[in-house]
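In listed order, ligands and their atoms are each counted from 1. Heavy atoms only: backbone and side chains are in, while hydrogens, waters and symmetry mates are out. The first residue of the sequence shown is numbered 1, and numbering continues consecutively from there.
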Amino acid sequence: MKYDVVIVGGGPAGSATARFAAENGAKVIVIERRQEIGVPVLCGEGISRKIDDWDMLDGDRWIAGRMDGARIYSPDKTCVTLSAEQAGNETGYVIYRDIFDQELARKAANAGVKFMMNTQAIELIKDNDKIKGVKAKQFDKEIEIYADIIVGADGVESKVGKWGGINTTLNPKDLETCCQYTLSNIDCKDAYCEFYLGKEMTPGGYIWVFPKEKNIANVGIGILASLSESGLAKKLLDNFIEKDTRFKNSQPLRFLTGAVPVSNPVETVRDNLILVGDAARHVDPITGGGLTHCLEGGKIAGETIAEAVKRKDFSKEFLAKYETGWKDAFGQKIKRNYLVKEIMLDMEDKTFNKIADSLKDVKFDEISTRGLIKEIAKKHPTLMMKLLPLLKYRKKFKETEKK
Ligand SMILES: Cc1cc2nc3c(=O)[nH]c(=O)nc-3n(C[C@H](O)[C@H](O)[C@H](O)COP(=O)(O)OP(=O)(O)OC[C@H]3O[C@@H](n4cnc5c(N)ncnc54)[C@H](O)[C@@H]3O)c2cc1C
């Protein structure tokens with residue numbers, strides 16, 4: 001088999017990349033080890049409404065709920081409320097992730113992409129170190145697919161990067177271990193996503209409650225692998241659910257476990273090779289959200305790939321256009337939020353309480369690091385020492401900060 005591009009992984013990053021490469025003239029195949037796109041769901045299913053501007057999904061079958069905003073609770077339960085406009089960046093919709101992924105794949109298929117299911121990449125085909133394709137296993141049969149560009153869209157456990165010589169190893173302090181129930185029969189009064197912080201309740205992460213449909217919500221937890229031990233995430237989540245009266249009569253419809261990379265991005269291009277989505281570590285290190293970056297990065301990757309095919313230039317130097325593109329789009333945001341994650345890791349619960357106390361009555365026009373720091377300085381100036389690295393960073397990247 002010979003294609004211009006073989007994409008390993010049919011998640012959102014793989015399908016978005018495939019679609020934009022094919023729409024711009026490339027001959028694309030996606031191989032996916034699962035039997036069904038998007039199943040099983042491994043996601044809190046929250047996504048920003050900014051995807052509305054990108055016109056990547058048809059209809060609204062993939063939307064389970066439209067959020068009016070978000071509430072963030074500090075360990076002493078001080079609540080900071082964000083309206084839809086302010087929180088929209090991360091909590092605009094709660095989706096049906098299986099339908100969402102299938103819709104992205106359908107759009108790619110419409111553009112001419114071939115999908116091969118039950119097909120697991122097992123190694124790269126190389127000739128004198130030059131990447132030539134992918135060897136894969138389909139049921140018990142080994143197949144070889146030759147292509148000029150290989151895309152690693154194989155998620156958090158990505159192997160493609162490593163096979164291509166990119167160091168994608170995650171330090172336990174850069175990995176969230178997560179679990180989540182989809183609970184039915186609950187009493188969620190309004191369409192607000194909730195986030196609960198606290199070193200004891202959820203070390204190095206947070207608990208989320210995302211209302212999905214009437215009386216149904218995703219209730220999950222992410223904790224840093226470096227602060228975790230076997231079974232801890234589930235134990236802490238069960239404690240939380242037990243104490244909240246809204247969940248008194250709840251019953252689980254689904255339970256899932258998974259991992260989210262919360263590191264800085266890795267190198268994303270080599271000769272004949274591109275990494276996208278979680279494989280590229282394109283996740284927001286504070287929220288653990290990766291979906292918007294999959295779509296935004298996937299589009300840039302797909303368009304770059306199509307251009308490379310037209311020019312017959314598959315060199316790292318040409319593919320660097322993709323790396324420059326995603327860095328411009330969301331690279332600084334990931335870098336800044338990685339720094340914030342590190343600062344938050346050093347904070348005691350009482351510091352979170354003070355920050356929430358500083359912000360609880362503020363009506364922000366928009367959320368910016370500058371605005372947050374100003375409000376915290378007003379009420380709790382002693383906290384400024386803790387935020388010093390962020391101030392230094394802000395000074396350095398003032399331009400991109402507004403984003
Ligand atoms: C518990 C949890 C909650 C989350 N909540 C949110 C949230 O609310 N909002 C948000 O934005 N993000 C969330 N995320 C993160 C989000 O799910 C990821 O950022 C997103 O799935 C990344 O998409 P992707 O296409 O890069 O990878 P994936 O969706 O992981 O897709 C990778 C695909 O590659 C396939 N694959 C892997 N290896 C191979 C191989 N060798 N051969 C063939 N196929 C292969 C896999 O089967 C999979 O289908 C959450 C993650 C977890 C674990």
Side-chain angles (χ1 to χ4, degrees), residues 6-18 29-48 50-51 64 67 89-95 97-98 100-102 104-105 115-124 134-138 143 145 150-163 175-182 193 195 205-210 212 218-223 233 237 254-262 275-285 287-298 301:
V6 54
I7 297 180
V8 179
S15 288
T17 306
I29 184 168
V30 173
I31 60 170
E32 169 54 59
R33 69 179 173 192
R34 292 172 170 180
Q35 297 186 46
E36 188 177 352
I37 296 285
V39 179
V41 169
L42 294 175
C43 192
E45 303 181 299
I47 193 167
S48 159
K50 74 178 169 199
I51 62 164
M67 296 300 107
N89 267 353
E90 300 304 337
T91 59
Y93 296 121
V94 178
I95 60 173
R97 179 64 201 272
D98 43 356
F100 179 86
D101 282 20
Q102 285 165 19
L104 290 169
F115 277 80
M116 222 180 214
M117 303 300 295
N118 276 311
T119 308
Q120 176 165 8
I122 50 173
E123 64 179 293
L124 294 181
V134 172
K135 202 178 267 185
K137 213 165 179 188
Q138 193 183 41
I143 53 173
I145 309 171
I150 316 303
V151 177
D154 48 341
V156 59
E157 299 166 44
S158 178
K159 297 269 184 358
V160 172
K162 255 180 213 133
W163 294 337
L175 186 72
E176 292 276 331
T177 54
C178 309
C179 63
Q180 175 184 274
Y181 292 97
T182 298
C193 284
F195 301 86
Y206 64 87
I207 284 176
W208 63 88
V209 178
F210 291 174
K212 203 170 165 182
N218 288 336
V219 185
I221 186 170
I223 61 179
L237 182 60
R254 182 167 73 189
F255 179 73
L256 62 86
T257 57
V260 182
V262 285
L275 299 183
V276 292
D278 279 17
R281 312 311 185 207
H282 278 174
V283 175
D284 183 322
T287 64
L291 291 174
T292 51
H293 295 163
C294 284
L295 302 193
E296 221 175 348

(request) Would you sort out whether V39 and Q102 count as a side chain to side chain contact (heavy atoms under 4.5 Å, CB included), showing the intermediate values? (result) CA-CA 9 Å; V39 179; Q102 285 165 19; 4.0 Å; yes
(request) List the steps, then state whether side chain to side chain contact (heavy atoms under 4.5 Å, CB included) holds for F100 with I51. (result) CA-CA 12 Å; F100 179 86; I51 62 164; 4.3 Å; yes
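Every atom of ligand 1 is numbered from 1 in the order shown, and the set under 4.0 Å from a heavy atom of R34 is 47 (O), 49 (O). Listed by number with element, the atoms of ligand 1 under 4.0 angstrom from any heavy atom of G46 are 7 (C), 8 (O), 9 (N), 10 (C), 11 (O). Atoms of ligand 1 found under 4.0 Å from any heavy atom of G277 (numbered from 1 in listed order, with element): 26 (O). Residue V260 has at least one heavy-atom neighbour below 4.0 Å for each of these atoms of ligand 1: 51 (C), 52 (C), 53 (C). Heavy-atom contacts of G288 reach the following atoms of ligand 1: 12 (N), 13 (C), 14 (N), 15 (C) (cutoff under 4.0 Å). Distances below 4.0 Å separate heavy atoms of C294 from the following atoms of ligand 1: 22 (C), 23 (O), 24 (P), 26 (O). Interface of L256 with ligand 1, defined as ligand atoms under 4.0 Å from a residue heavy atom, comprises 1 (C). Annotation for ligand 1: atoms under 4.0 Å from non-hydrogen atoms of I31 are 43 (C), 44 (N).
The closest approach between any non-hydrogen atom of T287 and ligand 1 is not below 4.0 Å. In this structure, V8 has a heavy atom closer than 4.0 Å to ligand 1. Not a single heavy atom of Q180 sits less than 4.0 Å from an atom of ligand 1. The closest approach between P12 and ligand 1 falls below 4.0 Å for a heavy atom of the residue. Heavy atoms of R97 approach ligand 1 to within less than 4.0 angstrom. The shortest separation from a heavy atom of V160 to ligand 1 is not under 4.0 Å, leaving the residue out of contact.
Closest heavy-atom approach to atom 31 (O) of ligand 1 among the candidates G290, G14, G11: G11. Among A233, C193, A259, the residue whose heavy atom sits closest to atom 53 (C) of ligand 1 is A259. When C178, G155, G289 are checked for heavy-atom proximity to atom 1 (C) of ligand 1, C178 turns out nearest. Taking only non-hydrogen atoms, the option from K159, E32, Q120 nearest to atom 33 (C) of ligand 1 is E32.
Of all non-hydrogen atoms in I7 and A153, the two that sit nearest each other are CG2-CB, 4.0 Å. In terms of heavy atoms, I29 sits closest to M116 at CD1-SD, 4.1 Å. Taking every heavy atom of both residues into account, L124 and V160 meet most closely at CD1-O, 4.2 Å. Minimum interatomic distance between Y93 and S48 (heavy atoms only, all atoms of both residues): CD1-O, 4.4 Å. In this structure, T17 and A301 approach most closely via the heavy-atom pair CG2-CB, 3.8 Å. Shown here for A136 and T119, the closest heavy-atom pair between the two residues is CB-CG2, 3.8 Å.
At least one donor-acceptor pair under 3.5 Å links the side chain of E176 to the backbone N or O of I223. Within the 3.5 Å criterion, the main-chain N or O of R33 finds no donor-acceptor partner in the side chain of Q120.
Of the heavy atoms in D278, both backbone and side-chain atoms come closer than 4.0 Å to ligand 1. For C179, no heavy-atom contact with ligand 1 is shorter than 4.0 Å. Here L291 has heavy atoms under 4.0 Å from ligand 1 in both its backbone and its side chain. Proximity of C43 to ligand 1, defined as any heavy-atom pair under 4.0 Å, is shared by backbone and side chain alike. When heavy-atom distances to ligand 1 are checked against a 4.0 Å cut-off, A136 has no atom that comes that close, whether in backbone or side chain. Within the 4.0 Å heavy-atom criterion, the part of T119 lying near ligand 1 is the backbone and not the side chain.
Within 6.0 Å of CD in E157 there are 12 or fewer heavy atoms belonging to other residues, nucleotides or ligands.
Contact of the C178 side chain with the V260 side chain is registered, since non-hydrogen atoms from C-beta on lie closer than 4.5 Å.
Considering backbone and side-chain N/O atoms, G44 comes within less than 3.5 Å of an N/O atom of ligand 1. Considering backbone and side-chain N/O of V156, none are found under 3.5 Å from N/O of ligand 1. Inclusion of W163 in the set of residues having an N or O under 3.5 Å from an N or O of ligand 1 is not warranted. Among the atoms of A13, some N or O lies under 3.5 angstrom from an N or O of ligand 1.
Atoms CD1 and CD1, from I143 and I122 in turn, are 9.5 Å apart once rounded to the nearest 0.5 Å. A distance of 4.5 Å separates CD of Q180 from CG of L256, quoted to the nearest 0.5 Å.
Checked against the 6.0 Å centroid criterion, the rings of F195 and F210 qualify as a close aromatic pair.
The only member of I37, T292, D101, V276 that meets side chain to side chain contact (heavy atoms under 4.5 Å, CB included) when paired with P12 is D101.
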